[in-house]
There are 2 protein chains.
Amino acid sequence: MATVSRVVNGNPNVKPLTRKKVLETIRRMGYRPNAVARGLASKRTTTVGVVIPDISYAFFAELARGIEDIANMYHYNIILCNSDLKKDKELQLIEALFEKQVDGLLFLGGKVTDEHREIFSGSDVPVVLAATRDDKENRPYVTIDQVQAAKEATGVLIREGHQRIGLLGGPLTDPIIGYPRYLGYKEALLESGLPFEEKWIRMGNYRYDSGLKAAKELLETEEGPTAIFAVNDEMAAGAIHAAQDLGKRVPEEISVIGFDNIPLATQVRPLLSTVAVPMYDIGAVAMRLLTKYMNDEPIENNQVVLEYRLELRDSTRLQGEPAH
Amino acid sequence: MATVSRVVNGNPNVKPLTRKKVLETIRRMGYRPNAVARGLASKRTTTVGVVIPDISYAFFAELARGIEDIANMYHYNIILCNSDLKKDKELQLIEALFEKQVDGLLFLGGKVTDEHREIFSGSDVPVVLAATRDDKENRPYVTIDQVQAAKEATGVLIREGHQRIGLLGGPLTDPIIGYPRYLGYKEALLESGLPFEEKWIRMGNYRYDSGLKAAKELLETEEGPTAIFAVNDEMAAGAIHAAQDLGKRVPEEISVIGFDNIPLATQVRPLLSTVAVPMYDIGAVAMRLLTKYMNDEPIENNQVVLEYRLELRDSTRLQGEPAH
DNA sequence: CTGTTAGCGCATTCAA
DNA sequence: TTGAATGCGCTAACAG
């Protein structure tokens, strides 16, 4: 019995001939190791929990792919849970994941509250944040500099000479996307001495339809913006179509820049200029970092800020890529 | 100890006062049940395995959302695995999932081979197929009638009066999408007495870029098609843009119809006419069916064919919805 | 209604 | 290099 355990787990202390015989017998009997029993005995389940806002968003789907690929590479499985960004659901899911004895947890894109911190620190399971961060406590994360990126995106419109730049934002209560990207927009305007006007700001829910609708409102007003920064690509695509529906040409009359660089960005005409966020990499790097924690590998940097890139295509007029 | 187990599992055979005391103590101690131990003892893990081609495809992401929602509703967790439609990877994943003692398995959108059948029947874990089927063995599935739907989509173009109808297909070796949708296209043409020409057929990989490229080739040829049926929306969107890039107006000069009705269909101009596939429902119904198997509930129908719907928007000229 | 007992299928000592 | 014994934390009879 112990010997079988040894060969199944690749323990070298088995005579080659014995190993061969065991393997043969395993094959013949169709023996399948019970990972649950193994998990109970070894206290390792080789599965990690992933709490993600909504897998049906292109952004998170791509991130999840990065996570799963790396997990698979290190022989982990992932238990995937949609949180819809609801705190109570998040908490309940994390609890359930801990009960299932996951070896690690990836928490994506939600706000980290005291309740999160309490449940996280009540366990010795490593937790890595992805596409979010905890600015109060020191917890490992992988993300990008949202404020700076939003600032640069807005900067593109400014350098094109626009004086009236609108914002298609997300809820300011969203500390992960909505607020920082709003902040970047605001800072860019203020630093350039351009007017920052509430009336050129509309909040959406990150979906195409909300972008379409909000952009229409913006563009229909007197003295409306001549350029729009949307905090994600879906809304930006909506803005392009809103402009077109109103008979305005993009980018000749209206410039639009988005954020994320989801596939949709190259599936609209004109091609959408945007901030290319390394979605897959955020997931992959976060998962890799988590494996280091789970296997007690040395960790040089547990708070990684990935690079983004301005991807200027045809919905803006500026050419080339500015340094940043 | 047994009493604690009873209150944790909601067993009614506990005196209310005792229950209260146990609950109180649990809270005070911060006791967290170990689901792995429970799984070993009870032989139920309340987790199901999901093998899916690629979660970063909008189609499967939406399906996965349906699965997870219903799983969550019935207090199951899902272990999500991307197979990339590779048989060996699928097999290996299924094996790993069985080792982890999943209570059930959802197998999505891959071809079911003899090797699949062997591994499936070598276990008593219930398996439900979603967005695919096994036409050789009698296994539960949830899907739509691909051939008929493709036939109707093609029929829309035929009724518009087109004589030269092109196909943007998938690999004919793909028995789930590529082949049946090709078949529907072919049957529709033949039944209408229209020419079925190889030269009007291009195979893509379901991605936007391949649709764009293939459609360009098709539309640039002499005597090219005046209408295109793409077997999925991404390629259809590519076709719309290919036409536009060539200076042809959609739908005035070229009609395009897609398949799936992913969000992209309403995020291009003109809005894409397509076959609305109930992606979320396929996932949800499949998961619900699986819960019935896992809980030994009576099952009236274990091979469900869901309804699709023609969603005629602006990339075709036909109005309204034909009966089917 | 509650406590006692015996596994669940493994990994992990410890001896041999 | 191998086998025997122990226990991981729980559920499921069973007895009381």
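Computed over heavy atoms, backbone and side chain alike; hydrogens, waters and symmetry mates excluded. Every value quoted in this text rests on a predicted model; they were computed, and no experiment measured them.
When heavy atoms are screened at a 4.0 angstrom cut-off, Ser42(B) is found touching the sugar-phosphate backbone but no base atom. Across all strands, Arg32(A) comes closer than 4.0 Å only to sugar-phosphate atoms, never to a base (heavy-atom distances).
Heavy atoms of other residues, nucleotides or ligands lying less than 6.0 angstrom from OH of Tyr179(B) number 12 at most. A 6.0 Å sphere centred on CD of Glu24(A) holds more than 12 heavy atoms belonging to other residues, nucleotides or ligands. The environment of NZ in Lys89(B) is crowded: more than 12 heavy-atom neighbours from other residues, nucleotides or ligands sit within 6.0 Å.
Formation of a donor-acceptor pair under 3.5 Å by the Ser56(A) side chain with backbone atoms of Ala61(B) is not found in this model. For Thr291(B) (side chain) and Arg288(B) (main-chain N/O), a donor-acceptor pair under 3.5 Å exists by modelled atom type.
In this entry the distance linking CZ of Arg19(A) with C1' of dT1(D) reads 11 Å, nearest Å. The distance from atom CD of Glu99(A) to atom C1' of dG9(D) is 13 Å, rounded to the nearest whole Å. To the nearest angstrom, C1' of dC8(D) lies 16 Å from CZ of Arg38(B). As rounded to whole Å, 18 Å separates atom P of dG7(D) from atom CG of Asn34(B). The nearest whole Å value for the distance from the NZ atom in Lys21(A) to the P atom in dG3(D) is 9 Å. Atom CG of Asn13(B) and atom P of dT11(D) are 15 Å apart (whole Å). Atom CE of Met1(B) is separated from atom C1' of dC14(D) by 15 Å (rounded to the nearest Å). If you take CZ of Arg6(B) and C1' of dT5(C), they are 13 Å apart, rounded to a whole angstrom.
Remark: Ser5(B) is in phosphate contact with dT11(D), judged by side-chain N or O atoms under 4.0 Å from OP1 or OP2. For the pair Lys43(A) and dT12(C), the criterion of a side-chain N or O lying under 4.0 Å from OP1 or OP2 is not met.
With dT2(D), dG9(D), dC10(C) as the candidates, the nucleotide lying closest to the side chain of Ala41(B) is dG9(D).
Ranked by how close their nearest DNA chain C nucleotide is to the 5' end, Ala2(B) and Leu40(B) are led by Ala2(B).
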